[in-house]
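None of the values given here were measured: they were computed from a predicted structure. When reading the values below, keep in mind they use all heavy atoms of this one structure, side chains included, and skip hydrogens, waters and symmetry mates.
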Amino acid sequence: MKKTLFTALLALFAIFTYAQQGNGLTLSPAAPTAGKPVSINYSAKGTDLEFSDEVSAVALLFHNASQWKAQPLTLKKVNGAWTGSLLLPADVSFFALRFFQGSADHPDAKDNNNGKGFFSRVLSPKKKVVPGNYLGEALLYMAEQELSPFASPQNDAATVEALLKKESQIPGAKLKEDQLSNIQRYYQFIAKDELRSEQLKSEILSRFPKGKMARFIRYQQALQEPDKAKMTGALEQFLAEFPIVEWRKNPDGQAYIYYEVYRGLATAYFRQKAYDKFLALFNDFDFKTANEVYRFNVTKMEMIGSEAEKKAVLPLSRKIMPVLFKLKNDGSYAEDFSGNDSLINNNVAQQLSERIFSHVSLCKAAGAYDEGLEYIGYLSDQKRYASAELNEIHLYLLDQLKQIDKIKPLLEASVKNMAVTPLMFDRLKAIYLAEHNESTQDYDKYLASLNSSDAVDAMRIHVMENMVKHPLIPFSLENAEGKMINSSDWKDKIVVIDFWATWCRPCIMAFPGMQLLIDKYTKDPSVAVYMIGTMQFGDYKKKSVDFVKSQGFRFNLLHDAIGENGEQNKVFRSLIPLFQSSGIPRKIIVKNGEVRYSSEGYSGSPSQLMDELSMAIEIIRKEK
């Protein structure tokens, strides 16, 4: 009996002596008890905090042997030591401490016992060992990211193994799947113990056949199937084994798996024209997945499909759009934007407006003009006139429905929002001429009066932010007629250059805006516009010339030269130090051998592009 009691006391002493050994920390009582306070006495002598005027502390508490929670502590200096108190919750079995000066996230100085950590196990109210006593220390030694500020010990797999063995001997101790998975990853990647890693993986799969690891392995196996038909079957089997309705009862950070699985299945069904199966998937979707599946399949068809194909997918869009409206506030984009409500809401509004655009475009193709107008009405006031392409479709719908009285207000609202196409400008001018006895007098003033002062101010800020001063390396390039154009001949001219490629969709989308700019300055000899095709392949000269001619654009076309690397990008590449990017479309404005303006991308509005470049031209023109 005495021997048994002695052994128990020795074991208890071994558990709680570590934090007492000359490391600057004393706890009272030495063996803390759950549900009761523990006093902390910390001496900073010999540490980076020795001469600090203010020392703070954070306790990391291990709740229910499964969850870590940080708790800040207030310390005060008494007789040269820093003291405080910590009330231990009833479900805590282990805690660690760290001491610091300044911010907890970015301390000016800190002390975590030279990486060994300050920590203690916590007994039950009946002074018994409880689950989590040894696991907490093992996890501390494994230096998980959450725990690394509290300890950063040398890798010691033997100590970790010993602690885990002791933990397994505690009555009622049973590791959860996440804990086992973390330990398995430790053995695989840190300890480099392949045998122990595989043993733990087998244990996890045996104990949790429908758990995270099993789900992830089956997901990987399905995606690695090289045969498309077999992959589709594997994805279907995955959903049968791991239905999303079960996962949603206890979501565990694997939403991305279902997102990818559903995207893959939806694309396969859409490609096979298995539209009933395609639509049935939407019963399981959140907004993020439904939006992406629509975008990747229906919107893609709306953009590149034939008129017949667009008509065929309109019935699908009709069934999907109500689902998107219903799910829009489900918060499924929260993780993408770190829970920022403003960013989440803005993204959802943008995504929904783009899907509405696709649906309206499909309605136009199918002759469902009333339905198209109805969906335009679902857009917010801010989004309704923001897209030049949608505004042109809106004009078309009004024409088809003979709603002539709504056309002028639409065009004026579009101008106000800087979202007008060349066709719309022509239409507005025709209306103006009809109302003013075919006189163009004051037409420019009329257009200027429609512009929003706020929009103009915002554009001016944007333009000024893109003003630069960068030397242009002189070049000589071939034009569409085979003649050489020398940049050194542009003395005193303001020259706009658009770098583009036939494979670049945003570049092509910006062409109407560039044509508006060219038309605006066609009678101004001090301004010139050149379109330089760059980064193209094959017979790039013929491709560029044929494409521009086929679209009816009246461009001064130049071909970028072949550089030292053998690629057709010599002039563009010479400006990479300015651009800090290899992206196109890229517009620059040159005057007297110097790049004065540079902007990348395309806003989606021809008129906005024209106004942006026109404003930049006029600012440069007024410079002395």
His394 and Val360, any side-chain heavy atoms less than 4.5 Å apart: no
Side chain proximity check, Glu292 to Tyr262, heavy atoms < 4.5 angstrom: no
Leu316 side chain near Met301 side chain, heavy-atom distance below 4.5 Å: no
Whether Tyr258 and Trp247 hold their rings parallel, tilted or perpendicular, with breakpoints at 30° and 60°: tilted
Side chain to side chain contact (heavy atoms under 4.5 Å, CB included), paired with Ser598, selected from Leu578, Asn466, Ile589: Leu578
Salt-bridge present (Arg573, Asp560; N to O < 4.0 Å): no
salt_bridge(Glu435, Lys408) N-O dist < 4.0 Å: yes
Inter-residue atom distance Ile508.CD1 - Thr502.OG1, 0.5 Å rounding: 7.0 Å
Exercise: identify the closest heavy-atom pair between Ala366 and Lys311: CA-CG, 3.8 Å
Ring-ring centroid check Tyr530 Phe555, cutoff 6.0 Å: no
Lys/Arg N to Asp/Glu carboxylate O, Glu612 vs Lys587, below 4.0 Å: no
Validation row, ring centre Tyr294 to ring centre Phe282 under 6.0 Å: no
Polar contact flag, side-chain donor to acceptor under 3.5 angstrom, Glu412-Tyr385: no
Over-ring placement of Arg586 relative to Phe579, 6.0 Å and 45° cut-offs: yes
Can you give the donor-acceptor pairs under 3.5 Å from side chains of residues 225-234 to other protein atoms, not counting sequence neighbours?
unit_1 : atom_1 : unit_2 : atom_2 : d
Glu225 : OE2    : Asp227 : N      : 3.4
Asp227 : OD1    : Ala229 : N      : 3.1
Asp227 : OD1    : Lys230 : N      : 2.9
Thr232 : OG1    : Lys228 : O      : 3.1

Partners passing salt bridge (charged side-chain N to carboxylate O under 4.0 Å, His left out) against Asp330 (at least two apart in sequence or in another chain): none
Where at least one partner belongs to residues 504-513, residue pairs that pass salt bridge (charged side-chain N to carboxylate O under 4.0 Å, His left out), sequence neighbours excluded: none
Presence of salt bridge, Arg596 and Glu623, under 4.0 angstrom: yes
Mutual orientation of the aromatic rings belonging to Tyr378 and Tyr375 [parallel < 30°, tilted 30-60°, perpendicular > 60°]: perpendicular
Gln515 and Asp519: side chain donor to acceptor below 3.5 Å: yes
Report, one line per pair, each donor and acceptor closer than 3.5 Å where one atom sits in a side chain of residues 486-500; sequence neighbours left out.
unit_1 : atom_1 : unit_2 : atom_2 : d
Asn486 : OD1    : Ser476 : OG     : 2.6
Ser487 : OG     : Phe475 : N      : 2.9
Ser487 : OG     : Phe475 : O      : 3.3

Flag if over 12 foreign heavy atoms under 6.0 Å of CD1, Ile473: no
Residues His559 and Gln536: side-chain donor-acceptor under 3.5 angstrom: no
Where Ile344 and Ala334 come nearest, the two heavy atoms and their spacing: CD1-CA, 3.5 Å
Lys NZ or Arg CZ of Lys429 over Phe425 ring: under 6.0 Å, within 45°: no
Set of ring-ring contact (aromatic ring centres under 6.0 Å, His included) partners for His462, sequence neighbours left out: none
Residue pairs involving residues 455-478 (criterion salt bridge (charged side-chain N to carboxylate O under 4.0 Å, His left out); sequence neighbours excluded): Glu478-Lys541
